[in-house]
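Starting off with a structure, shown below.
Protein chains get the first letters and strands the later ones, always in sequence-line order, with residue 1 at the start of each.
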Amino acid sequence: MPELPEVETVRRGLRELLPGRTIAKAEYSHSKSFPNASVDVDQSLIGATIMDVRRRAKVLIIELSTNYSLVIHLKMTGQLVFRSHKVRFGAGHPNDSLIGDLPDRSTRVTLTFTDHSKLFFNDQRKFGWMRLMPSTEVPNIDFMQRVGPEPLEADFTWKAMRDRLLVHRKTSIKAALLDQTVIAGVGNIYADESLWGAKIHPATQVQSLGDRDFMVLHKALVDVLTLSIEKGGSTDRNYVDAEGKRGNYLRFANVFRRDGQACPRHPNIMIVKIKVAGRGTHICPQCQQL
DNA sequence: CACTTGACCTGTCCGC
DNA sequence: TGCGGACAGGTCAAGT
């Protein structure tokens, strides 16, 4: 579930919390989650000071003073939560924390810093991963080589978006939006939200869209991603930010998870949930027609 | 080749 | 209440 706005929210949180801290200990249990076949963890991780926290698409990159980096993909249920040793609060705490004491049964990796604060990598479904690798190798991994442009960068114009999408002109616009090699960071929530915003049916073939459509879709996508970052991302089930707090975007969502409710543009029309590109897809049947 | 489907996992929810 | 099955959605491998 973490998409660009969620991962960006985590990045901003960690950027405030981690740089300057030095790793004293690393605990990990699940071999698929961490670390990596060929890296000496003690050598490259223990004693390393965190320098910066970056993001590319849905991937987080924690840069270390050892010239190694922790590269993290949260996939669907991953969480990256920082806890200072002094603070203990669980679900129901007034600060809107979604999760309780850590580690819990979904904790895959625990990093302990020299000041006794901790960073927990939780992942209920074990799809996510954390890799440790030389920083110079990060741009060379397959995903980085193939991933498309960042939609919130200045050079991501509507024409740039159109040209990327048209590479896959026979497929549905929804499948194209979800393809990370086309545009970086868009997932199911923001694909549905932006297509509703642009009044485009998700099953529309890319090649049948005109420049007007691409222009409107571009604005809808950029607007929805920007708004979601402002609201701290979307918490549907598992997602929390670097402090364990929920995101608030879904309160502002127009269609996602709103099947059975009225379309904001059509008080008498119900949003319905269909399947497009193998994914649950929410549309207003009035606004979005094939 | 271009595109679609299945696998990876676990927890939750629905219907019988 | 118990239980099987569908579903959740990011990405890559396998299939059409």
May I have the list of side-chain donor-acceptor pairs in residues 163-170 of chain A shorter than 3.5 Å, sequence neighbours left out?
unit_1   : atom_1 : unit_2   : atom_2 : d
A:Arg164 : NE     : A:Val182 : O      : 3.1
A:Arg164 : NH2    : A:Thr181 : O      : 2.4

- request: Would you mind listing every salt bridge (charged side-chain N to carboxylate O under 4.0 Å, His left out) that reaches into residues 142-157 of chain A, with sequence neighbours excluded?
  value: A:Arg55-A:Glu150, A:Arg56-A:Glu150
- line: Contacts of A:Thr22 meeting side chain to side chain donor-acceptor pair (under 3.5 Å) (sequence neighbours excluded), chain-then-number -> A:Thr49
query: Atom CZ of A:Arg146 and atom P of C:dT11: how far apart are they, to the nearest Å?
result: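 So the CZ-P distance, A:Arg146 to C:dT11, works out to 10 Å.
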A:Arg125 side-chain N/O to C:dG10 phosphate OP1/OP2 under 4.0 Å: no
- prompt: Should we count CD of A:Gln289 as having more than 12 external heavy atoms under 6.0 Å?
  reply: yes
- request: May I ask you to list the residues of residues 171-182 of chain A, by number, that have any heavy atom positioned under 4.0 Å from an atom of DNA chain C?
  value: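 Residues of residues 171-182 of chain A under 4.0 Å from DNA chain C: A:Gln180.
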task: Would you jot down, in residue-number order, the residues of residues 271-283 of chain A having a non-hydrogen atom under 4.0 Å from DNA chain C?
output: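 Residues of residues 271-283 of chain A under 4.0 Å from DNA chain C: A:Lys273, A:Arg279.
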- request: Answer whether the closest heavy-atom distance between the side chains of A:Asn67 and A:Thr136 falls below 4.5 Å.
  value: no
field: Results of salt bridge (charged side-chain N to carboxylate O under 4.0 Å, His left out) for A:Asp223 - residues two or more places apart only
entry: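 Salt bridge (charged side-chain N to carboxylate O under 4.0 Å, His left out) check on A:Asp223 returns A:Lys219.
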message: Going 5' to 3' along DNA chain B, between which two nucleotides do contacts with chain A fall, using a heavy-atom cut-off of 4.0 Å?
response: B:dC3 to B:dG11
task: Measure the distance from CZ on A:Phe143 to P on C:dC12 and round it to the nearest whole Å.
output: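 So the CZ-P distance, A:Phe143 to C:dC12, works out to 6 Å.
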- prompt: For A:Met51, does the CE atom have more than 12 heavy-atom neighbours from other residues, nucleotides or ligands under 6.0 Å away?
  reply: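 No, the 6.0 Å shell around CE holds no more than 12 heavy atoms from other groups.
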- prompt: If you measure from the P atom in C:dT11 to the same atom in B:dG11, how many Å do you get, rounded?
  reply: 22 Å
Run the side-chain donor-acceptor check on residues 255-265 of chain A: report pairs under 3.5 Å with partners two or more places apart or on a different chain.
unit_1   : atom_1 : unit_2   : atom_2 : d
A:Arg257 : NH1    : A:Asp236 : OD1    : 2.9
A:Arg257 : NH1    : A:Asp236 : OD2    : 2.9
A:Arg257 : NH2    : A:Asp236 : OD2    : 3.4
A:Arg258 : NE     : A:Ala253 : O      : 2.6
A:Arg258 : NH1    : A:Gln261 : OE1    : 3.2
A:Arg258 : NH2    : A:Leu250 : O      : 2.8
A:Arg258 : NH2    : A:Arg251 : O      : 3.3
A:Arg265 : NH2    : A:Trp196 : O      : 2.5

Comparing A:Lys126 and A:Arg169 on DNA chain B - which has the more 5′ nearest nucleotide: A:Arg169
For residues 269-279 of chain A, please give each side-chain donor-acceptor pair under 3.5 Å, one per line with the distance, not counting sequence neighbours.
none

- request: In sequence, state the C-alpha distance, the side-chain angles, and the governing distance for A:Arg21 and A:Asp115, and then conclude on salt bridge (Lys or Arg N to Asp or Glu O under 4.0 Å).
  value: CA-CA 8 Å; A:Arg21 296 187 198 270; A:Asp115 64 358; 2.3 Å; yes
- request: Could you tell me whether the side chain of A:Thr112 reaches within less than 4.5 Å of the side chain of A:Glu27, counting heavy atoms only?
  value: yes
query: What integer distance in Å separates A:Ile183:CD1 from C:dG10:P?
result: 14 Å
query: Roughly how many Å is it from NZ in A:Lys58 to P in C:dC12, rounded to a whole number?
result: 10 Å
- prompt: What integer distance in Å separates A:Phe127:CZ from C:dA13:P?
  reply: 15 Å
- request: Enumerate the residue pairs fulfilling ring pair (Phe, Tyr, Trp, His ring centres under 6.0 Å) with a member in residues 199-226 of chain A, sequence neighbours excluded, ordered by first and then second residue.
  value: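 Output for this query lists A:Phe156-A:His218.
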- prompt: Between B:dG6 and C:dA6, how far is it from one C1' atom to the other, in whole Å?
  reply: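 Looking at atom C1' only, B:dG6 and C:dA6 are 15 Å apart.
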- prompt: Where do A:Tyr190 and A:Glu6 land on the side chain to side chain donor-acceptor pair (under 3.5 Å) test, with the steps shown first?
  reply: CA-CA 11 Å; A:Tyr190 305 104; A:Glu6 290 73 35; 2.5 Å; yes
message: Using every non-hydrogen atom in the two residues, find where A:Ile283 and A:Pro285 come nearest and quote the distance to one decimal.
response: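 Looks like O-CD, 3.5 Å.
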field: Proximity to DNA chain C (any heavy atom under 4.0 Å), residues of residues 189-207 of chain A only
entry: none
query: Touch check for A:Phe256, heavy atoms < 4.0 angstrom, all strands: base, sugar-phosphate only, or nothing?
result: sugar-phosphate
field: Comparing A:Arg237 and A:His168 on DNA chain B - which has the more 5′ nearest nucleotide
entry: A:His168
query: In terms of side-chain geometry, is the basic nitrogen of A:Glu16 or A:Arg12 positioned less than 4.0 Å from the acidic oxygen of its partner?
result: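 A:Arg12 and A:Glu16: not salt-bridged.
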message: Let me spell it out: for each of A:Asp142 and A:Asp236, pick the nucleotide of DNA chain C with the closest heavy atom. Which residue's pick is nearer the 5' end?
response: A:Asp236
- prompt: Rounded to the nearest Å, what distance is computed from the CG atom of residue A:Leu74 to the P atom of nucleotide C:dG10?
  reply: 12 Å
task: State, with a plain yes or no, whether a side-chain heavy atom of A:Leu152 is found less than 4.5 Å away from one of A:Thr226.
output: yes
- prompt: Going through the distances and angles, do A:Phe143 and A:Val59 end up as a side chain to side chain contact (heavy atoms under 4.5 Å, CB included)?
  reply: CA-CA 9 Å; A:Phe143 181 87; A:Val59 174; 3.6 Å; yes
message: For DNA chain C, report each stem as range with range, ordered by first number, or say none. Use Watson-Crick or G-U wobble pairs under 3.5 Å, at least 3 in a row.
response: B:2-8 with C:10-16, B:10-16 with C:2-8
